[in-house]
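Numbers here simply count residues along the sequence, with the first being 1. For the numbers below, each heavy atom of this structure counts, side chains included, while hydrogens, waters and symmetry mates do not.
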Amino acid sequence: MNSRRSCLIQIEGNSLLVANTGNPFGRLDVVSVCASHLGTKQDYKPVDPDPSTPSAELIKKIRSIAIETYKNDPNRLSEDSSGEKETKLDYEGRAIWELLQNADDAMAPEGTASSDLIGVKGLGFKSVLEITDEPEIFSGDFKFSFSAQKTQDLLKQAIKELKEKEIPPLTFRIPHQASPCSVVHKLCEDYDTVMRLPFRKEQKEIVQKKLEGLNPKCMIFFQYIEELKIILPDKELRTFSCNREKPGELTDCDIQIVEDCNRATINHSFRVWAKTWDAKLGENEIAGKRHSVSVCLPLKERKPVFFDETHLLYVFLPTSEKLPFHALIHGSFELDQSRKHIRNIEKHPEHKTAFTRLISRIIDCIPASTALRAFVPDRVPEQDSPALFLWGLIKEIMLEKSFIPCIGGAKVIPESARLWEHNLDKVVDSTLEKVKKLNLVERELILDGKCKRALELFEAKDVEGKQYPLILRNCRHGNLDDCQKLLEALYEVVARYTPQASENRKDFLNNCYRIPCWWTKKETARSLVADIPFLFEPTKEALPNWLSVDILHPEFFSSMKGFIENEEPNSHWDGLLKGKLLEGKDEDLLNDVLAPTLQEKKAGKNGGKNTAGKLWGSILTGVNLALLGRLNQYIGIMKSKAGLPGRFTCQLTKAGFLPRIVTPEKLGAAL
């Protein structure tokens, strides 16, 4: 005998075999399965028609009572037959799930309260009408079957007053004795209950296709089944196995489901969060079923992630209610008779509270990206649907929850988060308080399109274009790599956001000028507003040490040049550099570097006859010969402003370039 809580589903020949190791049928179970809307797990239990009758005679007793009932009230035949037709239609597509549910309930320990079980034995089993006309049950002391044809023949003999055409087809209500075939007899050695369901026409292919698509996830919300075996024609045994730490309880736990199929073993890992409570009628009065809500996510490297696909809503087993979430969600909602649809989901206040607390707790312990991917739908669900009801709860929780991680370490509500572009996270200094207060969403959520759309749904705003230069001023600029990344961001910002209006343009560019992203030969970063002139590239001639000028670092210049050459030409970028970043040409050097230096030294000289000579000696030493003509012109301009006659020219001496016409003393006096 199989010691595990095991269920077997097998296609053998033209029949479906379903077996389990749960509690075998008792007398009241037999009574309920022969009736309609009657079950051992309801508030009002079925009644044993004759407790003194031995179990071996119970089937015969139930049959005789049913025949007598139809004799006394022939209309019951049509009524019960119509009821079976409705049940068959209601439960269309549910037979496998209902059989699994019955197996799970059967595996509960003896004495388990009916309120702690999933279903109601009796009605759910009627779902097999979809696939068979002659179900057989072999369980414990009972070996019986149902057959529309046998029942019709029996009633025709028992009720002479009825004509054959007046006896409608009726499968259940009247049981018949049955003997197990050899395959069933063999299965009874390992299983406590075995059912044989000969297929209706064309049902074999339909059922086989459903079984082939059965996923290990179906095991997650079972309460007791630890092993599910599936045997199909010409296919190897497929087994789903899981060990349950607390059978019969939905609790927070990790579930490992091992799938053995085609000589390969696949491990499926899930994390389950759950909340269970007893329905209360009064302050201290407990009645009705035990309720539960639960959410499941797959695990990857022991961390919760989202499902790739969406799922149906589960009430332990899947219903027909479609959900838009990439999470597996269960709730013990009240179902209609077919167990496909939720009844009045808005009228479940306890479930609403339980889900609210459960989702809040889950969001606290999973990454924000997982929460956004798992719980935010791609589109708003349909009106008056369970999906919209659940989305309303989830949305309300997520809007109020500070779970969105931002650059700098803070977590904020979705509405306060700010979406950004241009690699801000790689260039800003996340240790600065100014940066932390910006609520810039972490890169992972920005790069994930679904997460970004989810944040937009929660009304997270984009950083405005005019804010980027101000943000970039809070940058990292301690090395060449920092500045290269910052330059790329700055280029994109200037090219995309520079205003056309002159006043706004001026303010925008002024803020761009103050970004310290320009890496110099001195191995320091600076902005474009420093007093010292800045050369785009150095001259071919070496510059004297006294000349006040910064030169772009060769590697930085090379990367900038390569980057710009790969971009589309942009007038805004050219406008930013104009007059701020000079090319290393002689004319630029004279007009924008040498002349300001001479003026600075003129204004700051200490006086004295020898000072001017030394000043000129140091200034002119090392000045490129190509600059000499322009330099003479410049000196002439200075002479004219000083009121001196004649023209200054320069000659090369041991002390460097010196004025030719006047002595250093006279020059000093003139200056």
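A 4.5 Å side-chain heavy-atom check between Glu130 and Tyr91 finds every atom pair outside the cut-off. Between Pro180 and Lys143, some side-chain heavy-atom pair lies under the 4.5 Å cut-off. Proximity of Met107 to Asn20: side-chain heavy atoms (C-beta onward) are separated by under 4.5 Å at one or more points. With a 4.5 Å cut-off on side-chain heavy atoms, Leu16 and Ile96 count as touching. Side-chain atoms of Lys322 and Leu312, non-hydrogen and from C-beta on, do get closer than 4.5 Å to each other. Considering only heavy atoms from C-beta on, Phe325 comes within 4.5 Å of Pro377 through its side chain. Taking 4.5 Å as the limit, every side-chain heavy atom of Thr132 sits out of range of all side-chain heavy atoms of Phe146. A 4.5 Å side-chain heavy-atom check between His176 and Leu154 finds at least one atom pair inside the cut-off.
Here the NZ atom belonging to Lys150 is positioned 14.0 Å from the CG atom belonging to Leu155, to the nearest 0.5 angstrom. In this structure, Thr310 OG1 and His326 NE2 are separated by 6.0 Å, a value rounded to the nearest 0.5 Å. Distance check, rounded to the nearest 0.5 Å: CG of Leu250 to OG of Ser294 gives 5.0 Å. Separating the CD1 atom in Ile255 from the CG atom in Leu299 is a distance of 10.0 Å, to the nearest 0.5 Å. One finds the SG atom of Cys34 at 10.5 Å from the CG atom of Asp29 (value rounded to the nearest 0.5 Å). Taking CZ of Arg173 as the reference point, atom OH of Tyr70 lies at 5.0 Å (rounded to 0.5 Å).
Residues Gln157 and Asp153 have side chains that never bring a donor and an acceptor to within less than 3.5 angstrom of each other. Between the side chains of Ser179 and His185, not a single donor N or O lies within less than 3.5 Å of an accepting N or O.
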Q.
What verdict does the side-chain contact (heavy atoms from CB on, under 4.5 Å) test give for Arg196 and Leu17, after you've listed the backbone C-alpha separation in whole Å, the side-chain angles of each residue and the deciding distance to 0.1 Å?
A. CA-CA 5 Å; Arg196 178 175 174 270; Leu17 303 177; 3.7 Å; yes

Q: Take Glu57 and Lys61 through the test salt bridge (Lys or Arg N to Asp or Glu O under 4.0 Å) and record every step on the way to the result.
A: CA-CA 6 Å; Glu57 299 295 322; Lys61 183 68 175 181; over 6 Å; no

Q: Take Leu58 and Phe144 through the test side-chain contact (heavy atoms from CB on, under 4.5 Å) and record every step on the way to the result.
A: CA-CA 10 Å; Leu58 182 60; Phe144 62 103; over 6 Å; no

Q. Is there a salt bridge (Lys or Arg N to Asp or Glu O under 4.0 Å) between Glu309 and Lys217 once you walk through the steps?
A. CA-CA 12 Å; Glu309 68 280 3; Lys217 288 179 290 189; 2.4 Å; yes

Q.
Determine whether Lys340 and Asp90 satisfy the following criterion, salt bridge (Lys or Arg N to Asp or Glu O under 4.0 Å), listing intermediate values before the conclusion.
A. CA-CA 8 Å; Lys340 294 180 181 179; Asp90 285 341; over 6 Å; no

Do any side-chain atoms of residues 358-365 form donor-acceptor pairs under 3.5 angstrom with protein atoms, and if so which ones, sequence neighbours left out?
residue	atom	partner	partner atom	Å
Ser360	OG	Lys401	NZ	2.7
Arg361	NH1	Asp252	OD2	2.4
Arg361	NH2	Ala274	O	3.3
Asp364	OD1	Lys401	NZ	3.1
Asp364	OD2	Lys401	NZ	3.2

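Crowding of Glu382 atom CD: a count of heavy atoms from other residues, nucleotides or ligands under 6.0 Å not exceeding 12. Within a 6.0 Å sphere centred on NZ of Lys210, other residues, nucleotides and ligands contribute more than 12 heavy atoms. More than 12 heavy-atom neighbours from other residues, nucleotides or ligands sit within 6.0 angstrom of CG on Asp50. Remark: Lys395 NZ is loosely packed, at most 12 non-hydrogen atoms of other residues, nucleotides or ligands lying under 6.0 Å away.
Under a 3.5 Å cut-off, the side chain of Arg27 and the backbone N or O of Pro49 do not form any donor-acceptor pair. A donor-acceptor distance shorter than 3.5 angstrom exists from the side chain of Ser82 to the backbone of Ser78, with no hydrogens or angles considered. Not a single donor-acceptor pair under 3.5 Å links the side chain of Asp260 to the backbone N or O of Arg238. Of the possible polar contacts, one joining the Asp104 side chain to the Ile225 backbone as a donor-acceptor pair under 3.5 Å is found. The main-chain N or O of Val293 is never found under 3.5 Å from a side-chain atom of His351 such that the two would form a donor-acceptor pair. Side-chain atoms of Glu259 do not come within 3.5 Å of backbone N or O of Pro216 as any donor-acceptor pair. Judged purely by atom type and a 3.5 angstrom limit, Arg76 has no side-chain atom pairing as donor or acceptor with the backbone of Ala66. A donor-acceptor distance shorter than 3.5 angstrom exists from the side chain of Ser81 to the backbone of Pro169, with no hydrogens or angles considered. The backbone N or O of Arg4 sits less than 3.5 Å from a side-chain atom of Thr21, completing a donor-acceptor pair. Panel note: side chain Thr319, backbone Leu313; a donor-acceptor pair is recorded below 3.5 Å.
The two residues Leu372 and Ala454 come nearest to each other via the heavy atoms CD2-CB, 4.0 Å. Arg271 and Asp254 make their closest contact through NE-OD1, 2.7 Å (heavy atoms, listed as atom of the first residue, atom of the second, distance).
Ring geometry for Phe307 against His311 counts as perpendicular: the plane angle is over 60°, on a 0 to 90° scale with 30° as the lower cut. Below 30°, between 30° and 60°, or above 60°: for Phe333 and Phe389 the angle between ring planes is above 60°, a perpendicular geometry.
Residue His330 forms a ring pair (Phe, Tyr, Trp, His ring centres under 6.0 Å) with just one option from Tyr314, Phe316, Trp273, Phe355, and that option is Phe316.
Listed by chain and number, the residues in a side chain to side chain contact (heavy atoms under 4.5 Å, CB included) with Glu334 are Arg343, His348 (sequence neighbours excluded).
Relative to the ring axis of Phe306, Arg373 places its NZ or CZ within 45° and under 6.0 Å from the centre.
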